[in-house]
> 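Structure below; questions to follow.
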There are 2 protein chains.
Amino acid sequence: MDIQLKRGLLDVCVLSAIKGEASYGYKIIKDLGHCIELSESTLYTILKRLELAGLLTVEAVEHGGRLRKYYRITAEGTARIAEFKREWREVMSIYQFIMKGDEAL
Amino acid sequence: MDIQLKRGLLDVCVLSAIKGEASYGYKIIKDLGHCIELSESTLYTILKRLELAGLLTVEAVEHGGRLRKYYRITAEGTARIAEFKREWREVMSIYQFIMKGDEAL
DNA sequence: GCGTAATACATCGTATCACGAAGTATTAGA
DNA sequence: TCTAATACTTCGTGATACGATGTATTACGC
């Protein structure tokens, strides 16, 4: 799918992927793979950005001799999802505009 | 609204604004203003990009002593809108994923 | 035992793109 | 006469998705 179209969705997708329970990079990619594909470099960039913004927290955990970073959503992160939900109404009205005059919406 | 969220919409919005009849920059901004705001620098950048991509054609017309560039959608431009329509199904399924587990969708 | 895939995270450079700032020019109205 | 509206252009910047590449360990097939 179009990269530009993904841009506004990715951050919130990642937040949504950890909103239930803490998760880690590799798992997030697998979980999201069903509906939206993203590369590792993209994900880790996003995770770092979201951490800096305070939307999630990180906790490194030893797992089978390997390091695993668990990401947990914060209250700000949850608020971001709620904000997205509000913005979505605007997005839909733009979609309506684009489709205006088109048969079979 | 969030810039990232706008990104995937802007090009198609502009195409949609000229899909009925040819229009020019200043008018497109006014027409789109109802549902999505964009600055002049943004619009003219988009118009040039869409022209280079063959999604629209330009025709300069003298109007009241001033130059006015009329933009007209091409078959490729119309196809782009149709493609967007198809992509939108994917976007909606991503939206469903984000909202999953949320009361009151 | 050995090679390969899977797991797991990180960094760098690049291309795309929306936008503010600033500029040019004309016309209409206060 | 000054300002606002009309109309288009260019430049620089910051944000960001991604491919390429690198590092390490574990698990599995042969």
Side-chain angles (χ1 to χ4, degrees), chain A residues 1-15 17-18 22-33 35-53 55-71 80 87 90-91 94, chain B residues 1-15 17-18 22-33 35-53 55-71 80 87 90-91 94:
Chain A
M1 98 179 263
D2 179 44
I3 293 180
Q4 303 308 318
L5 215 41
K6 279 168 81 170
R7 283 177 109 100
L9 274 1
L10 279 175
D11 280 25
V12 183
C13 263
V14 171
L15 285 174
I18 61 167
S23 187
Y24 53 96
Y26 203 78
K27 185 165 188 294
I28 293 170
I29 288 176
K30 300 292 166 201
D31 287 347
L32 287 183
C35 76
I36 191 167
E37 276 178 48
L38 75 176
S39 67
E40 295 182 53
S41 60
T42 301
L43 178 65
Y44 290 110
T45 307
I46 290 172
L47 286 170
K48 191 159 283 180
R49 182 166 67 236
L50 294 177
E51 189 198 350
L52 280 171
L55 304 187
L56 52 78
T57 55
V58 195
E59 189 195 359
V61 176
E62 185 87 10
H63 180 88
R66 265 174 302 184
L67 178 80
R68 209 185 245 179
K69 285 185 166 185
Y70 278 91
Y71 297 91
R80 178 67 191 91
E87 283 181 325
E90 233 177 301
V91 170
I94 293 169
Chain B
M1 97 180 263
D2 180 44
I3 293 180
Q4 303 308 319
L5 214 43
K6 278 169 82 171
R7 283 178 109 100
L9 273 1
L10 278 176
D11 280 26
V12 184
C13 263
V14 171
L15 285 174
I18 61 166
S23 187
Y24 53 96
Y26 203 80
K27 186 166 187 294
I28 292 170
I29 288 177
K30 300 293 166 200
D31 288 347
L32 288 183
C35 76
I36 192 168
E37 275 178 47
L38 75 174
S39 67
E40 295 182 53
S41 59
T42 300
L43 177 66
Y44 289 110
T45 306
I46 291 171
L47 286 170
K48 192 159 284 179
R49 182 166 66 236
L50 294 177
E51 189 197 348
L52 279 171
L55 304 187
L56 53 76
T57 54
V58 195
E59 189 196 0
V61 176
E62 185 87 11
H63 180 91
R66 265 175 301 185
L67 180 79
R68 210 186 243 179
K69 285 186 165 184
Y70 278 91
Y71 298 90
R80 177 68 191 90
E87 283 180 326
E90 232 177 303
V91 170
I94 293 169

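So you know, we letter chains A, B, ... as the sequences are listed, proteins then strands, and number each from 1.
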> Donor-acceptor check, side chain of A:K6 to backbone of B:G8, threshold 3.5 angstrom: yes or no?
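No: the side chain of A:K6 does not pair with the backbone of B:G8.
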
> Run the side chain to side chain donor-acceptor pair (under 3.5 Å) test against B:R7 and tell me which residues pass, sequence neighbours left out.
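Per chain and number, B:R7 pairs via side chain to side chain donor-acceptor pair (under 3.5 Å) with A:Q4.
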
> Return the CZ to CG distance between B:R80 and B:L15, rounded to the nearest 0.5 Å.
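If I round to the nearest 0.5 Å, the distance is 7.5 Å.
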
> What's the angle between the local helix axes at either end of the helix from C:dG1-D:dC30 to C:dA30-D:dT1, using five pairs per end and rounding to 10 degrees?
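It comes to 10° between the two terminal axes.
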
> Between B:D11 and B:R49, is any pair of side-chain heavy atoms under 4.5 Å apart?
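Sidechains of B:R49 and B:D11: in contact.
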
> Could you tell me which non-hydrogen atom of A:C35 sits nearest to which non-hydrogen atom of B:I94, and how far apart they are?
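Taking A:C35 first and B:I94 second, the nearest heavy atoms are O-CG1, 3.7 Å.
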
> Report, as a single string ordered 5' to 3', how protein heavy atoms within less than 4.0 Å touch nucleotides 4-12 of chain C: B base, S sugar-phosphate only, - not at all.
--SBBBSB-

> Return the residues of residues 3-13 of chain A meeting this criterion: a heavy atom under 4.0 Å from some atom of DNA chain C. Order them by number, or give none.
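Within residues 3-13 of chain A, the residues near DNA chain C are A:Q4.
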
> Between B:L38 (CG) and C:dC17 (P), how many Å, whole number?
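Distance check: B:L38 CG to C:dC17 P gives 15 Å.
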
> Which residues satisfy the side chain to side chain contact (heavy atoms under 4.5 Å, CB included) test with B:E59, sequence neighbours excluded?
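Partners of B:E59 by the side chain to side chain contact (heavy atoms under 4.5 Å, CB included) criterion, ordered by chain and then number, come out as B:V61, B:R72.
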
> Please report the distance, rounded to the nearest Å, between CG in B:L43 and P in C:dC17.
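Value for this atom pair: 15 Å.
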
> Hey, could you give me the CD1/CG distance between B:I36 and B:L9, rounded to the nearest 0.5 Å?
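Here the rounded value is 5.5 Å.
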
> Mind calculating the distance between CG (B:L50) and C1' (C:dT16) to the nearest angstrom?
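After rounding, the reported distance stands at 14 Å.
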
> Residues in side chain to side chain contact (heavy atoms under 4.5 Å, CB included) with B:R68, at least two apart?
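Side chain to side chain contact (heavy atoms under 4.5 Å, CB included) check on B:R68 returns B:Y24, B:H63, B:Y70.
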
> With B:E51, which residues qualify under side chain to side chain contact (heavy atoms under 4.5 Å, CB included), at least two apart?
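Applying side chain to side chain contact (heavy atoms under 4.5 Å, CB included) to B:E51 gives B:L56, B:V58.
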
> Of all nucleotides in DNA chain D with an atom under 4.0 Å from a non-hydrogen atom of chain A, which is the first and which the last going 5' to 3'?
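Listed 5' to 3', the contact boundaries are D:dT16 to D:dT26.
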
> Would you list the atom pairs, donor with acceptor, under 3.5 Å between side chains in residues 40-48 of chain B and any protein atom, with sequence neighbours excluded?
unit_1	atom_1	unit_2	atom_2	d
B:S41	OG	B:S39	OG	3.2
B:T42	OG1	B:S39	OG	2.9
B:T45	OG1	B:S41	O	2.5

> Show which side-chain atoms of residues 25-33 of chain A pair as donor or acceptor with protein atoms under 3.5 Å away, not counting sequence neighbours.
unit_1	atom_1	unit_2	atom_2	d
A:K27	NZ	A:D31	OD2	3.1

